[in-house]
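All remarks here apply to the structure that follows.
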Amino acid sequence: MGKGFLFGGRQVRFSLDSENFYVDLVLYNRLLQCFVLVDLKIGKLKHQDIGQMQMYVNYYDRYVKQDFEKPTVGIIICKDRSEAVVETTLPKENNTIFSKEYKLYLPSKDALKALVK
């Protein structure tokens, strides 16, 4: 993930009104001083997935983070994503929830070199 990341747990449970919710991966970044929540989706990203991550981020911001820490960041990793769904579901000023597609296979060596350049 990069410098400063600490592992907080996987399938971290929290409860609201006696209903349990599970965050796939909880990280903390010492350099940014914020929690980073990661949710993995094996299919296409849906607006419900974004709403779920928004709830996770809100929970951590309201009940877990300390006053001196920066706002929680949420990352959704999915197989397919629609930029239109992401833009429409999130507020215009969003800077805490992000989505990114994953690939089932690594690109060729030449494609990786071209990407780096």
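- Counted within 6.0 Å of CZ on F7, heavy atoms from surrounding residues, nucleotides or ligands total more than 12; the atom is thus considered enclosed.
- No option in D39, V57, V86 other than V57 meets the side chain to side chain contact (heavy atoms under 4.5 Å, CB included) test with I97.
- K79 NZ to I77 CD1: the interatomic distance, rounded to the nearest 0.5 Å, is 15.5 Å.
- The ring pair (Phe, Tyr, Trp, His ring centres under 6.0 Å) check on F14 picks up F21, Y56, Y59, with sequence neighbours excluded.
- In this structure, OH in Y60 is found 11.5 Å from CE in M55, a value given to the nearest 0.5 Å.
- Legend: side-chain hydrogen bond (donor to acceptor under 3.5 Å, both in side chains) pairs involving residues 28-38, not counting sequence neighbours, sorted by first then second residue: Y28-E69.
- I50 contributes atom CD1, which lies 9.0 Å from atom CG of N94 (distance to the nearest 0.5 angstrom).
- Other residues, nucleotides and ligands contribute only 12 or fewer heavy atoms inside 6.0 Å of the NZ atom of K46.
- A donor-acceptor distance shorter than 3.5 angstrom exists from the side chain of D24 to the backbone of L40, with no hydrogens or angles considered.
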Could you walk me through whether K70 and L32 satisfy the side-chain contact (heavy atoms from CB on, under 4.5 Å) test, starting with their C-alpha distance in whole Å, then the side-chain angles of each, then the deciding distance to 0.1 Å, before giving a yes or no? CA-CA 7 Å; K70 307 278 189 315; L32 299 175; 5.6 Å; no
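- No donor-acceptor distance shorter than 3.5 angstrom exists from the side chain of S15 to the backbone of S18, with no hydrogens or angles considered.
- Listed by chain and residue number, D61 satisfy the side chain to side chain donor-acceptor pair (under 3.5 Å) test with T72 (two or more places apart in sequence, or in another chain).
- Using modelled atom types, no side-chain atom of D80 and backbone atom of S82 make a donor-acceptor pair closer than 3.5 Å.
- Note that OG1 of T96 and CD of Q54 are 6.0 Å apart. Values are rounded to the nearest 0.5 Å.
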